[in-house]
Amino acid sequence: MSIRKAKGYRYGIHIPDMKDLTKDKPIEQFPAPKKVYISLSQHIGAPANACVEVGEYVKKGQLIGKENGVVSANVYSSVCGTIVAIEDIVNDMGQKQKYVVIENDFSNEEILFDNIKDFEPSTLIARIREAGIVGLGGAGFPTAVKLTPKNQLEYLIINGAECEPYLNCDNRLMLERTDDIYKGICYVAKALNITKIIIGIEANKPEAIHAFKCFNDLDVAILKKQYPMGSEKHLIYCTTGRKVPVGKMPFDVGVCVQNIKTMIACYEAIDLNKPLTEGVLTVSGNGVNEPKNLKVPLGTSFNEIVEFCGGAKDNVVKVIAGGPMMGRALIGLNQFTRKTDSGILLLTNTEANTNEPTNCINCAKCANNCPMRLMPMFIEQFTLIGDYKSAEKYGAMNCIECGSCSFNCPARRTLVQSIQTAKAKIKEMKQNAK
Ligand code: SF4
Ligand code: SF4
């Protein structure tokens, strides 16, 4: 074991972390709701195929969506009850997705996997795949795919940065479930045949840093409080000194990065034989009466979660799924929890700037702070006139959507949204060209 200060990087920003609202609040179990709406597309890749029918009775932990290809993931019921609908619902990203709607009968019977037959890497990876585990930090990439790289990797890095303001779920898990995280890490390291393991934790979480000091085979890297430290490329550079080139992936430089919640899901799948049916998230912001950290069944309505937290105050001006930097602004709370959710924020006008954008004043603040060294103002301008080829030339596809540019812009330009549009259009153009 070693404990050391990690490197910093040159750009990025320093933002108030706003974590005090929930930092000391233990994770509470949210009571199972009367109805859950479980999306069959909670991951990157092909949506799962419904393998149940309307009217069928299912138990908690029963497979309801079967993975549909290599990059896909199984989906399990989070309650016991009757399937009342399998229907299309438009999600917060405006995409129509298939949801399985289950009416809970509160009998709480649970289906578990059989004990695994051995602890060989292939068996561990097969279990992680079967359990429907995906990157729970937000990416939603199927974990089993990440555990089968084409080359032998050297480092496993656990991302304990949680650099998004307000969010505290990883921090609380590192304190409350340290041993379970460690067991999950050991299984994943075994699956990858890696002995060099680093857990990177931001310096503003001293208790979590202390909690992981006791494991001999784990290096603890204390990360500078700097946004976006949790970005894979920056985390890899700060902990190992390796640079992931543009267009390349962590495995190209011999590294696999995994998230805290994903490690707990791996532990539960392997040791407790449980598929992934619940998520942990932070409900925060000055617009919610009782901010909390909660463990919630997948498919729970955001409305019910906010009610459980004492309801919303009258002065809420913005609702966000996730953190304020990378999360998605919502038009309401009519959404349902997914595997990758990490927070629901209700922000007041002192916390969220709702001013309308004005013209760009060419101050270059956005470019000066971009951790990927892009020129967001130009990418936005090209996007606005529909010149996506030029947006691509200016590196739109390398944007990690961290939100640092928008945060700094005195003209309140919606730079990230423009870049997201450009990325979607560029992908579409490439697909059409094939
Ligand atoms: S352009 Fe992309 S990577 Fe750069 S600051 Fe903006 S969101 Fe972050
Ligand atoms: S920070 Fe805003 S105003 Fe300044 S150059 Fe960038 S887009 Fe323009």
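All ligand and atom numbering here is 1-based and tracks the order in the structure. The first residue of the sequence shown is numbered 1, and numbering continues consecutively from there. Since this is a predicted model, take the numbers as computed values, not measurements.
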remark   = Under 4.0 Å between heavy atoms, the region of I419 that gets near ligand 1 turns out to be side chain
query = Under 4.0 Å from any heavy atom of M372, which atoms of ligand 1 are there?
reply = 3 (S)
ask   = Just checking, is any N or O donor in the side chain of E162 or N171 under 3.5 Å from an acceptor N or O on the other one?
value = no
remark   = When rounded to the nearest 0.5 Å, the distance separating SG of C366 from CG of L415 is 5.5 Å
ask   = For the rings on F382 and Y394, is their centre-to-centre separation under 6.0 Å?
value = yes
ask   = Just checking, any donor-acceptor pair under 3.5 angstrom between side chains of D179 and Y267?
value = no
query = Please state which protein non-hydrogen atom is closest to atom 3 (S) of ligand 1 and give its distance, to 0.1 Å?
reply = I400 N, 3.6 Å
remark   = Note: ligand 1 atoms sitting under 4.0 Å from heavy atoms of C370 are 1 (S), 3 (S), 4 (Fe), 5 (S)
Residue G403 vicinity, atoms of ligand 1 by number, heavy atom under 4.0 Å = 7 (S), 8 (Fe)
ask   = Do E428 and Y388 have side-chain N/O donor and acceptor atoms under 3.5 Å apart?
value = no
key: 2.8 Å cut-off (strict), protein N, O or S atoms about atom 2 (Fe) of ligand 2   = 1
inquiry  = Just by distance, no angles: are the side chains of Y182 and D217 close enough, under 3.5 Å, to form a donor-acceptor pair?
reply    = yes
inquiry  = Between L147 and L192, is there a side-chain heavy-atom distance shorter than 4.5 Å?
reply    = yes
inquiry  = I'd like to check which ligand 1 atoms, numbered from 1 as shown, lie under 4.0 Å from a non-hydrogen atom of P371.
reply    = 5 (S)
Short N-O contact, K295 and E176, less than 4.0 angstrom = no
query = What protein heavy atom sits nearest atom 2 (Fe) of ligand 1, and how far off is it?
reply = C399 SG, 2.3 Å
inquiry  = With a cut-off of 2.8 Å, does C402 put an N/O/S atom close enough to atom 8 (Fe) of ligand 1?
reply    = yes
task = Tell me which protein heavy atom sits closest to atom 5 (S) of ligand 2, plus the residue, atom name and distance to 0.1 Å.
result = A364 N, 3.2 Å
message = Would you say E380 and T383 are linked by a side-chain donor-acceptor pair, where the criterion is simply a distance under 3.5 Å?
response = no
